[in-house]
Structure formats: structure tokens, C-alpha cells
Asks: 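Submitted below is the structure of interest, expressed as C-alpha cells.
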Amino acid sequence: MNVKSRARIGAVVSAAALAVGAMAAPAVADPSNGFRVLAGAGSDTTQDVLNGLGDSVDGGNTVASYDATGTATVKTRATGCVINRPNGSSAGIDALRNAVDNNTGCLDFARSSRGPADTSTTDLTWIPFAKDAVTVAVRGDSALSNGLDLTTAQLHDVYTCSLTSVNGVALTPLLPQTNSGTRTFFLGQIGVAESAVGTCVGSMQEHNGEALDSAGDIAPYSVAQYIAQTGGIVNDRHGATVLGKVNGSAPQNTDGTLNVGFTYNRDVYNVVPTSKLSNATIASTFAGSGSKVCNDADTIQLYGFGVITNCGDTTDPDLKGER
């Protein structure tokens with residue numbers, strides 16, 4: 001990791017810690033009313049909407065969702081269960097797997113903005129609950145933003161460092177931290193293997209536009225997160241960024257809502273142990289179109305996400321795996 005990358009990550013973490021105290025939003029970072037029945041962690045993309053759902057479902061007594069950034073550890077149960085804070089989808093899934101393997105009971109679900117990386121087993125089930133999309137963000141005060149509309153081929157070349165300038169601006173591409181589901185999803189969409197990411201690419205905490213501090217910076221960004229941030233629903237960390245088009249497709253509709261048909265659209269998930277789908281609380285909270293999460297479309301849309309017809313589906317074999 002280069003010096004600029006380390007500095008950016010440090011600045012983002014510091015800013016996030018300060019923002020926790022200053023933010024006035026419908027939901028707060030980490031549950032503030034004690035321990036709840038179900039504990040989860042992981043994705044930065046869906047941390048805020050899960051905070052909102054956690055406060056809405058059963059009057060805030062059932063779902064505890066712990067943010068991706070903040071203190072180094074989180075305590076998820078009244079006794080024991082002090083764990084390293086999982087930052088990103090993969091980190092949350094790993095932490096859930098550890099809780100299952102060691103029978104700790106510290107986590108019941110993981111937030112994920114990507115699907116399973118391995119479907120050779122059925123140990124975990126990815127339960128979809130909302131639609132998001134990922135585009136690229138740049139600074140609005142940079143010439144880079146002028147009519148920005150990149151193709152998938154161009155983005156491939158940006159992140160393999162073979163395309164180094166757009167609109168006369170030298171590019172400094174960024175990617176989210178290694179455990180980010182958004183990183184995995186975006187690289188998959190542009191056809192770049194992790195091993196092929198160019199040496200010109202730096203790293204940052206995902207969906208934090210304040211980390212884009214120079215004219216050539218470009219980074220993938222959750223459209224739902226951007227909508228919630230710019231709409232004042234969550235802590236606004238979009239900084240000076242604006243969203244660009246991809247393949248001629250705009251990430252937002254004319255009314256500012258998520259374009260669910262955007263080029264790089266994705267479902268987002270809550271991941272649970274498949275063996276726990278028979279648990280009454282987990283099932284009623286996450287599983288099926290009539291689950292409490294799926295019935296709270298107002299909260300899902302408030303945080304910038306779109307509703308989906310397959311909300312709560314636990315039967316898709318492509319959404320089971322990863323052990």
C-alpha cells in the first residue's frame with residue numbers, strides 16, 4: 001500500500017469516529033439501547049439501512065447491526081463476545097463463519113453487498129432484501145466530471161492502469177478496502193481480477209467521497225449510499241463528489257432515486273447460517289416476502305435502495321455456499 005493510500009484510510013477512520021458523535025440521523029452507529037436478539041456486522045454499503053431496519057423492526061428490540069468502521073472491537077452480547085470489528089462484506093462473512101465454527105453465538109448474520117464467492121457448499125445462505133447499483137464517483141470541481149460517461153472497457157483499462165487520462169486529467173484511481181463486497185462486485189463487472197489490479201490504484205474506505213481529494217481521483221461508489229448521504233439521511237461523507245454514467249446509463253432517475261436498471265445493479269443481502277433458517281426469529285426477520293425486513297419497504301427506500309420482488313428468497317441454489 002502506498003503512502004497516499006495509508007493516509008487516506010487513516011483520515012477516513014478518524015473522520016468516521018468524529019462523525020459518530022456529531023451525526024443526527026434516523027439510525028445511529030451501533031445499537032444504543034443495549035443488546036438485541038440478532039447481531040450482525042459486515043458491509044459498509046448496507047450498514048446504515050440495517051441500522052434503520054434494526055430500529056424499525058420490533059421497535060428496535062430484535063436486530064443489532066454493528067457498523068463497518070469505528071472502534072477496533074465490538075461487543076455483541078452481554079457476556080463475552082468482544083470481536084474485531086468486521087469492515088466489509090467478506091470480513092463480516094468470515095466473522096459469521098467463525099461464530100458458527102466455534103459455536104460462540106456472537107453473530108447471527110452478516111451484511112453483504114456481494115453474492116457467495118464459492119457455491120460448492122450450502123453452509124451459508126445469502127438472503128436478498130434490496131437493490132443497489134455501483135457507479136464511479138469523481139470530484140465535481142474537476143474537469144474529469146465534464147460529461148463523464150465511461151464504458152466498461154474504459155473502466156477495465158483505468159483499473160489495470162492502461163488508461164491514464166480522461167478529459168485531459170491524469171487519473172488516480174482508487175478502490176475500496178480489500179474486504180469490501182463493493183470492490184469484489186465492481187472488479188467483476190469491469191472484468192478485472194484482483195491479481196490484475198494495476199499498481200497505480202490506491203485504496204480508501206468505501207463510499208467516502210471525502211477521500212477523493214485530488215482532481216484525478218475516481219472510485220466506485222454505491223448509488224444508494226450516495227442518495228442517502230446527499231439526502232441527509234445518514235452522515236454526509238460524499239464530499240465534493242458527483243456520480244458518472246457508465247455505458248450511457250445514468251445511476252439516478254430524474255427524481256434522484258436509484259435507477260434499478262443501471263448498468264451495474266446488484267442485490268444486497270443478509271447472510272445467515274443455512275442451518276438457522278429454521279430458527280423462528282431469523283426466519284420471521286429475514287426469510288420470505290412476508291418477513292419483517294421485506295415488509296419495511298419504506299425504510300429500505302428511505303436509505304436510497306430499491307425494492308425487489310425476490311426479497312427474502314432462501315431457495316436460490318446460487319445464493320448458498322462459501323465455507
Side-chain angles (χ1 to χ4, degrees), residues 1 4-5 8-9 12 42-48 68-69 87-91 111-115 131-140 142 144-145 148-161 163 166 169 171-194 196-198 200-214 216-230 237-252 258-260 262-268 304-305:
M1 182 185 297
K4 190 173 187 182
S5 299
R8 288 180 185 210
I9 292 174
V12 167
S43 170
D44 184 308
T45 302
T46 63
Q47 67 179 22
D48 297 305
T69 59
N87 182 3
S89 301
S90 294
R111 303 185 305 265
S112 183
S113 62
R114 65 163 177 84
K131 180 71 72 177
D132 186 23
V134 177
T135 190
V136 286
V138 298
R139 290 184 64 88
S142 167
L144 184 56
S145 70
L148 186 65
D149 184 358
L150 298 176
T151 65
T152 295
Q154 285 175 311
L155 286 169
H156 173 279
D157 290 348
V158 168
Y159 281 90
T160 53
C161 303
L163 176 61
V166 171
V169 180
L171 297 175
T172 47
L174 300 166
L175 281 173
Q177 71 279 6
T178 303
N179 283 318
S180 164
T182 296
R183 178 185 178 117
T184 301
F185 173 79
F186 179 72
L187 289 177
Q189 294 298 300
I190 65 173
V192 176
E194 188 67 50
V197 172
C200 70
V201 180
S203 54
M204 58 176 278
Q205 180 65 33
E206 62 191 294
H207 319 315
N208 193 321
E210 293 170 353
L212 279 67
D213 56 13
S214 64
D217 288 349
I218 182 170
Y221 216 104
S222 159
V223 180
Q225 269 285 340
Y226 190 88
I227 292 169
Q229 290 171 20
T230 56
R237 48 184 177 154
H238 90 286
T241 60
V242 294
L243 301 182
K245 294 181 179 180
V246 175
N247 296 334
S249 180
Q252 291 175 263
L258 173 74
N259 175 9
V260 296
F262 182 68
T263 303
Y264 304 153
N265 73 76
R266 60 177 176 177
D267 287 353
V268 290
F305 293 86

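Source: prediction; values computed, not measured.
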Asks: Given 3.5 Å as the limit, does a donor-acceptor pair link the side chain of Y221 with the main chain of T135, or not?
Replies: no
Asks: Would you say the side chain of Q205 lies within less than 4.5 Å of the side chain of N87, judging by non-hydrogen atoms?
Replies: yes
Asks: Got a salt bridge between R111 and D132, using NZ or NE/NH1/NH2 to carboxylate O under 4.0 Å?
Replies: no
Asks: Would you call P251 and N259 a side-chain contact if the rule is heavy atoms closer than 4.5 Å?
Replies: no
Asks: Report yes if the side chains of V166 and L171 come closer than 4.5 Å at any heavy-atom pair, otherwise no.
Replies: yes
Asks: Can you tell if the side chain of T172 reaches within under 4.5 Å of the side chain of S214, non-hydrogen atoms only?
Replies: yes
Asks: For P173, which of L163, V201, L155, V197 qualifies under side-chain contact (heavy atoms from CB on, under 4.5 Å)?
Replies: V201
Asks: Could you walk me through whether D267 and K131 pass the salt bridge (Lys or Arg N to Asp or Glu O under 4.0 Å) test, one step at a time?
Replies: CA-CA 5 Å; D267 287 353; K131 180 71 72 177; 2.9 Å; yes
Asks: With V138, which of D217, L243, I218 fulfils side-chain contact (heavy atoms from CB on, under 4.5 Å)?
Replies: I218
Asks: Assess the side chains of R139 and S145: does a donor N or O sit below 3.5 Å from an acceptor N or O?
Replies: no
Asks: With side chains defined as the heavy atoms from C-beta onward, is the minimum distance between F186 and V136 less than 4.5 Å?
Replies: yes
Asks: Can you confirm whether the side chains of T182 and E206 place a donor and an acceptor under 3.5 Å from each other?
Replies: yes
Asks: Below 4.5 Å, heavy atoms only, C-beta onward: do R183 and S113 meet side chain to side chain?
Replies: no
Asks: Please enumerate all residues that pass salt bridge (Lys or Arg N to Asp or Glu O under 4.0 Å) together with D157, with sequence neighbours excluded.
Replies: none
Asks: Taking C-beta and beyond as the side chain, do Q189 and T152 meet within less than 4.5 Å on heavy atoms?
Replies: no
Asks: Is a side-chain N or O of R114 found less than 3.5 angstrom from the main chain of S89, in a donor-acceptor match?
Replies: no
Asks: Are side-chain N/O atoms of Y159 and Q154 paired as donor and acceptor at under 3.5 Å?
Replies: no
Asks: Quick one: do the N247 and T151 side chains pair a donor with an acceptor below 3.5 Å?
Replies: no
